[in-house]
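The structure under discussion appears below in the form of structure tokens.
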Amino acid sequence: MRFHTRKWVKPEDLNPNSTLFGGRLLAWIDEELALYAIIQVESPKIVTKHMSEINFRSSAKQGDIIEIGIDVVRFGNTSITLTCQARNMMTREIIITIDNITMVSLGLDGKPKPHGKTAIEYIQDRLGDEY
């Protein structure tokens, strides 16, 4: 799994138990998934269509650093299916796992649009040897 983003847990991210609010973590994850999908399928209009079971395994507290990891499960005609994990960099515990998240590319009409991608592209694939 490739970890792309780190978030610092601040007071405004906490629930009444003084731990990371699950909804905040899911918002961070959804944003990161959208950014990843936009870059991979090269489409500026991406929506989250489906998330499989969300498994909260541990928590985080104020001051902890959360790292979000994403991998591609498969490419569809108009979609990309991803898997995601967030971990606590301070405790090394996995906080959440989501096995399948489907992101769909949309056309200007708001309907699913084929993206033409079949494999992950890395920065060096796009930029060549100068990167």
Side-chain angles (χ1 to χ4, degrees):
M1 179 151 310
R2 291 177 171 266
F3 287 82
H4 299 274
T5 294
R6 292 184 181 111
K7 295 287 189 177
W8 189 18
V9 180
K10 297 179 256 180
E12 60 268 24
D13 304 321
L14 304 178
N15 62 28
N17 297 320
S18 297
T19 58
L20 177 60
F21 174 55
R24 178 73 57 148
L25 178 57
L26 287 170
W28 289 342
I29 287 170
D30 195 41
E31 180 178 23
E32 192 62 27
L33 293 166
L35 293 170
Y36 184 85
I38 287 166
I39 291 166
Q40 282 301 312
V41 302
E42 297 183 88
S43 173
K45 294 186 86 176
I46 293 286
V47 294
T48 306
K49 181 178 190 302
H50 171 78
M51 280 191 181
S52 66
E53 178 177 297
I54 298 165
N55 186 5
F56 286 95
R57 297 171 54 175
S58 67
S59 192
K61 61 184 187 321
Q62 184 177 334
D64 286 350
I65 298 169
I66 307 308
E67 195 170 43
I68 299 170
I70 300 169
D71 264 337
V72 174
V73 174
R74 71 177 195 87
F75 285 84
N77 185 39
T78 62
S79 65
I80 182 171
T81 301
L82 307 167
T83 186
C84 179
Q85 190 178 93
R87 63 186 179 193
N88 186 326
M89 295 300 297
M90 311 310 266
T91 65
R92 298 289 190 209
E93 291 181 309
I94 294 171
I95 298 172
I96 192 173
T97 58
I98 310 171
D99 291 336
N100 288 285
I101 307 106
T102 303
M103 308 297 285
V104 176
S105 172
L106 301 178
L108 295 175
D109 60 359
K111 297 187 191 252
K113 173 187 171 191
H115 51 67
K117 302 294 181 174
T118 58
I120 298 172
E121 289 183 350
Y122 299 100
I123 292 172
Q124 61 268 25
D125 298 332
R126 292 186 184 164
L127 300 179
D129 294 331
E130 63 271 4
Y131 178 75

Using side-chain heavy atoms (C-beta onward) and a distance below 4.5 Å, is Met1 in contact with Phe3?
yes
Has the side chain of Asn15 got a donor or acceptor atom that lies under 3.5 Å from a matching backbone atom of Ser18?
yes
Salt bridge check, Lys117 against Glu42: does any charged N sit closer than 4.0 Å to a carboxylate O?
yes
Scan residues 9-18 for pairs that pass salt bridge (Lys or Arg N to Asp or Glu O under 4.0 Å), counting only residues two or more places apart or in two chains.
Asp13-Arg24
Is the backbone of Ser52 close enough, under 3.5 Å, to the side chain of Asn100 for a donor and an acceptor to pair up by distance?
no
Within the side chain of Asn17, is there an N or O that forms a donor-acceptor pair under 3.5 Å with the backbone of Thr19?
no
In terms of heavy-atom contacts, does NZ of Lys45 have more than 12 from other residues, nucleotides or ligands at under 6.0 Å?
yes
Looking at His115 and Gly76, would you say the former's side chain and the latter's main chain have a donor-acceptor pair under 3.5 Å?
yes
Donor-acceptor contacts, no H, no angles, side chain residues 81-89, under 3.5 Å, sequence neighbours left out:
residue : atom : partner : partner atom : Å
Thr83   : OG1  : Ile98   : O            : 3.1
Thr83   : OG1  : Asp99   : O            : 3.2
Arg87   : NE   : Glu67   : OE1          : 2.8
Arg87   : NH2  : Glu67   : OE1          : 2.7
Asn88   : OD1  : Met90   : N            : 2.8
Asn88   : OD1  : Thr91   : N            : 3.3
Asn88   : ND2  : Asp64   : OD2          : 2.8

As a test of understanding, state which of Ile29, Ile68, Asn55 forms a side chain to side chain contact (heavy atoms under 4.5 Å, CB included) with Ile96.
Ile29
side-chain hydrogen bond (donor to acceptor under 3.5 Å, both in side chains) partners for Ser43, two or more places apart:
Ser105
Could you tell me whether the side chain of Phe75 reaches within less than 4.5 Å of the side chain of Ile120, counting heavy atoms only?
yes
